[in-house]
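Got a structure for you, written out below as structure tokens; questions coming shortly.
Below, read A as the first sequence line, B as the second, and so on, with proteins coming before strands; counting in each chain starts at 1.
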Amino acid sequence: EDKVVQSPLSLVVHEGDTVTLNCSYEVTNFRSLLWYKQEKKAPTFLFMLTSSGIEKKSGRLSSILDKKELFSILNITATQTGDSAVYLCAARRAGNNRKLIWGLGTSLAVNP
Amino acid sequence: DAEITQSPRHKITETGRQVTLACHQTWNHNNMFWYRQDLGHGLRLIHYSYGVQDTNKGEVSDGYSVSRSNTEDLPLTLESAASSQTSVYFCASSEGSQNEQFFGPGTRLTVL
């Protein structure tokens, strides 16, 4: 059965810290991995990764995929209180299957 | 600007009543999805559609139905609401089979 596991489940840091969130997957015929940020509302899209070793970056956030070891990490540098959210990852199979397999998320709290 | 909207944003209903949650997107996306989100379970797929007149069951479809009569709308109906269906419901859409999904703002449903 396909599954996506995120760790840690929750994390508390101070402003300015760097955090690394983990997402491991076991998905048949894997195609891509997506990261979302969810505050007190709908998930918003961050990154989609399809190739191993190529970092995607947006401001202080970056992410990379390792298709050999079946995991991805999301890094946030110089954290701010506005980074407090649940970070979700999801995996997708190749082909015509458009469904996403979701992890349970990592809840990040950034304290001032 | 193109967007995805849900209505109502909050709904309280009684056990046994039929409830319909609306989802409308203006991106002209073929793919639309309904999820529920509950603590400890993450996002779970209820139903999805790959185009007009196409509907498919997700992992938690019992007690729910959808219909797709046009590209823009995918209403979700709870045939006879149960307390176990108290949840936050998200609608999402995507352009292509391997594109990211964009989420609506969510509907918080309480079944008493």
Leading residue by heavy atom contact count with chain A [cutoff under 4.5 Å; candidates B/Q37, B/H41, B/R44]: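 The residue among B/Q37, B/H41, B/R44 with the greatest pair count is B/Q37.
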Side-chain heavy atoms of B/Q53 within contact of B/R68, under 4.5 Å: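 In short, these two side chains do not touch, never coming nearer than 4.5 Å.
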Stepwise side chain to side chain donor-acceptor pair (under 3.5 Å) test for B/S65 and B/E79: CA-CA 7 Å; B/S65 63; B/E79 305 294 343; 2.5 Å; yes
Donor-acceptor contact present, side-chain B/T71 to main-chain B/N28, <3.5 Å: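 Checked: no pair found.
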CA sep, side-chain torsions, deciding dist, call: B/S93, B/W27, side chain to side chain donor-acceptor pair (under 3.5 Å): CA-CA 9 Å; B/S93 71; B/W27 283 304; over 6 Å; no
Toward chain B, the part of A/I101 with a non-hydrogen atom under 4.5 Å: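 Looking at A/I101, nothing touches chain B.
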Contact class of B/N99 relative to chain A, heavy atoms under 4.5 angstrom: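 Contact with chain A is through the backbone of B/N99 alone.
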Residue part contacting chain A, namely of B/L45, when any heavy atom lies under 4.5 Å: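 Side chain only.
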Part of B/Q101 lying under 4.5 Å from any heavy atom of chain A: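 Answer is both: backbone and side chain atoms of B/Q101 are under 4.5 Å from chain A.
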ILVMFWY cluster, B/V66 and B/L109 together (side-chain gap under 4.5 Å):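 Same hydrophobic cluster.
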